[in-house]
Amino acid sequence: MSYELETPVAMLIYRRPHTTEKVFEAVRQAKPPKLLVVANAPRPEKEGEAEKCAQTRAIIERVDWDCEVLTNYADSYLSCLGRIYSGLDWVFNTVEQAIILEDDCVPHPSFFRYCQELLERYRDDERIVAVCGDNFQMGRRRTEDSYYFSRYTHFWGWASWRRSWQNYDPEMKLWPELRDNGWLTDVLGDPKAVRWWRNTFQTTYDKGIDTWDWQWIFASWVQNGLAIAPNINLVSNIGFNAAAAHTGDVYDWRANMPTQEMTFPLKHPQVVIQNAKADAFEQQEYYDFLTNQRALKHRLRRKIRRAKKILQESRNGQDYGGVFGLIEQVVKG
């Protein structure tokens, strides 16, 4: 079966020409008929940032395929929430559906076809809020299907519809009422997960963190929505470094995750139901990790990962896997 990308692609860019170049090349290979580009403006007080922003925007001018390019470039610096929220509002006011990539999220070529087919299949199924390209199951394949359904909506390469985005509320106005009536317990069940998300949503509501994504998860849950997650990883985040806003740890296990090729035709699940086992694992290994990495044993694991990487990159590096494996067992114990 021949395949041609017909779905618009949106790129969210800012000041990282090196990573944007790699994402753009993946988009260039996919050749979408419409490319929507959202860019923030440089901060005047940051030396050299204007030049980096200009270099990043210049990459978009290299479109060399038959493509309508639409841009939404900020004239002055906006917060992360303000820029991405207003940018995605513009995207979904312009098109009914889109595949969305940030400037450090490099997709496998098969990601685009995967998104397009599932956007079409679930276009009118309001139980589904998004199609995601990330898989954080650490190599565990949860079903024999091509994808499963998750309560967690991820953002490192995803796709959605106008009908879903219209429920997004950056202010999370429903949170106080839902917080006080036990809603999270109904959604999550697990008391530990409830505490994690209660703290996260409260911090976001109080504007204690400049982000847009927790509000998107909140909006999804308010609608009792599910996201589609692939049974293999289709997107690699290459932006973990000191310059990143939220992904500063280069030794984070989520950094530079390898991607795999999705096979077609897709094998679809017979029923639309949350994969509770996959989500429980993700809560523990992904979300709890964001908090636990400050604990001693998680700091030790990070140091082990760092030491491994240094040794592997060393010209005279040897295989110390057995030694580090033993140390990891001690740390886990």
Side-chain angles (χ1 to χ4, degrees), residues 10 12 38 78-98 100 102 119 122-132 134 136 148-156 158-229 245-246 272-276 278-280 282-284 286-291:
L12 310 179
V38 175
L78 299 171
S79 66
C80 175
L81 170 60
R83 175 64 294 204
I84 295 183
Y85 166 54
S86 62
L88 289 176
D89 253 10
W90 169 75
V91 168
F92 287 112
N93 281 329
T94 305
V95 296
E96 289 281 350
Q97 60 186 35
I100 300 154
E102 296 194 31
L119 284 172
Y122 294 99
R123 180 194 304 273
D124 300 317
D125 190 337
E126 296 195 359
R127 295 172 295 179
I128 308 304
V129 297
V131 180
C132 304
D134 303 300
F136 297 109
Y148 64 91
F149 299 100
S150 171
R151 75 161 66 99
Y152 298 117
T153 305
H154 292 295
F155 329 101
W156 296 348
W158 56 291
S160 192
W161 306 267
R162 180 184 296 168
R163 64 161 174 82
S164 294
W165 184 254
Q166 68 185 2
N167 296 312
Y168 184 89
D169 174 18
E171 302 296 324
M172 296 175 61
K173 290 185 287 292
L174 291 175
W175 169 241
E177 177 184 352
L178 294 175
R179 175 195 62 205
D180 297 336
N181 70 11
W183 169 72
L184 271 180
T185 299
D186 295 337
V187 172
L188 299 170
D190 175 43
K192 185 177 179 181
V194 169
R195 287 193 297 273
W196 197 96
W197 285 100
R198 180 186 175 95
N199 291 337
T200 298
F201 285 153
Q202 188 63 48
T203 301
T204 306
Y205 178 80
D206 292 337
K207 296 181 172 57
I209 181 173
D210 179 21
T211 190
W212 69 277
D213 45 13
W214 300 136
Q215 297 94 319
W216 177 225
I217 289 181
F218 177 74
S220 300
W221 290 2
V222 167
Q223 299 300 316
N224 200 29
L226 293 171
I228 291 172
H246 301 115
V272 177
I273 187 170
Q274 176 203 0
N275 191 311
D279 280 355
E282 189 164 316
Q283 177 65 45
Q284 175 182 326
Y286 185 104
Y287 295 105
D288 291 347
F289 165 79
L290 298 179
T291 302

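Please read these numbers as outputs of a predicted model, since none were measured by experiment.
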Would you sort out whether Trp197 and Ile217 count as a side chain to side chain contact (heavy atoms under 4.5 Å, CB included), showing the intermediate values? CA-CA 10 Å; Trp197 285 100; Ile217 289 181; 3.7 Å; yes
Could you report the tightest heavy-atom contact between [X] and [Y], atom names first, then the distance?
{"X": "Leu12", "Y": "Ile84", "answer": "CD1-CG2, 4.2 Å"}
{"X": "Val129", "Y": "Gly225", "answer": "CG1-CA, 3.8 Å"}
{"X": "Leu78", "Y": "Ser86", "answer": "CD1-OG, 4.2 Å"}
{"X": "Asp125", "Y": "Arg163", "answer": "O-NH2, 3.0 Å"}
{"X": "Asp169", "Y": "Gln215", "answer": "O-CB, 4.0 Å"}
{"X": "Leu119", "Y": "Ala159", "answer": "CD1-CB, 3.8 Å"}

How long is the span from the [atom1] atom in [X] to the [atom2] atom in [Y], to the nearest 0.5 Å?
{"X": "Ile209", "Y": "Thr200", "atom1": "CD1", "atom2": "OG1", "answer": "8.5 Å"}
{"X": "Asp89", "Y": "Gln166", "atom1": "CG", "atom2": "CD", "answer": "11.0 Å"}
{"X": "Thr203", "Y": "Arg198", "atom1": "OG1", "atom2": "CZ", "answer": "11.0 Å"}
{"X": "Arg162", "Y": "Asn93", "atom1": "CZ", "atom2": "CG", "answer": "6.5 Å"}
{"X": "Trp221", "Y": "Thr153", "atom1": "CH2", "atom2": "OG1", "answer": "8.5 Å"}
{"X": "Arg83", "Y": "Leu88", "atom1": "CZ", "atom2": "CG", "answer": "9.0 Å"}

With heavy-atom distances below 4.5 Å as the criterion, would you say the side chains of [X] and [Y] are in contact?
{"X": "Asn275", "Y": "Asp279", "value": "no"}
{"X": "Pro170", "Y": "Trp212", "value": "no"}
{"X": "Phe149", "Y": "Ile228", "value": "yes"}

Subject >> Criterion side chain to side chain contact (heavy atoms under 4.5 Å, CB included) on Leu174 and Val222, from CA distance to verdict >> reply: CA-CA 9 Å; Leu174 291 175; Val222 167; 3.9 Å; yes
### More than 12 heavy atoms of other groups within 6.0 Å of Ile273 CD1
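For Ile273, atom CD1 is not crowded (no more than 12 foreign heavy atoms under 6.0 Å).
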Other residues, nucleotides and ligands only: do more than 12 of their heavy atoms fall within 6.0 Å of CG on Asp190?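 It does: Asp190 CG has more than 12 such atoms within range.
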* **Counterpart residues, salt bridge (charged side-chain N to carboxylate O under 4.0 Å, His left out), relative to Arg179 (two or more places apart)** =>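 Testing Arg179 for salt bridge (charged side-chain N to carboxylate O under 4.0 Å, His left out), a comparison that skips the adjacent residues, returns none.
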Exercise. Give the intermediate values and the outcome of side chain to side chain contact (heavy atoms under 4.5 Å, CB included) for residues Phe92 and Tyr168.
Key: CA-CA 11 Å; Phe92 287 112; Tyr168 184 89; over 6 Å; no
Checklist entry - In terms of side-chain heavy atoms, does Gln283 have a donor or acceptor partner in Asp288 at a distance below 3.5 Å? => result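 Asp288 and Gln283 do have a side-chain donor-acceptor pair below 3.5 Å.
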_Within the 3.5 Å criterion, strictly below it, is a donor on Gln202 or Asp206 matched to an acceptor on the partner's side chain?_
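Looking only at side-chain atoms, Asp206 and Gln202 do form a donor-acceptor pair, the distance falling under 3.5 Å.
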- prompt: What is the ring orientation for Tyr85 with Trp165, classed by angle as parallel under 30°, tilted 30 to 60°, or perpendicular over 60°?
  reply: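 It falls in the tilted class, 30° to 60°.
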Centroid-to-centroid, [X] to [Y], below 6.0 Å?
{"X": "Tyr152", "Y": "Tyr287", "result": "yes"}
{"X": "Trp158", "Y": "Trp216", "result": "yes"}
{"X": "Trp196", "Y": "Trp214", "result": "yes"}

Counting N and O atoms only, with roles assigned by atom type, does the side chain of Asp134 sit under 3.5 Å from a partner on the main chain of Trp156, one being a donor and the other an acceptor?
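Checked: pair present.
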Output all residues satisfying side chain to side chain contact (heavy atoms under 4.5 Å, CB included) with Ser79, sequence neighbours left out; order by chain, then residue number.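 So Ser79 forms a side chain to side chain contact (heavy atoms under 4.5 Å, CB included) with Leu81, Asp210.
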Hey, mind stepping through Phe218 and Leu178 against side chain to side chain contact (heavy atoms under 4.5 Å, CB included) and telling me if it holds?
CA-CA 11 Å; Phe218 177 74; Leu178 294 175; 3.9 Å; yes
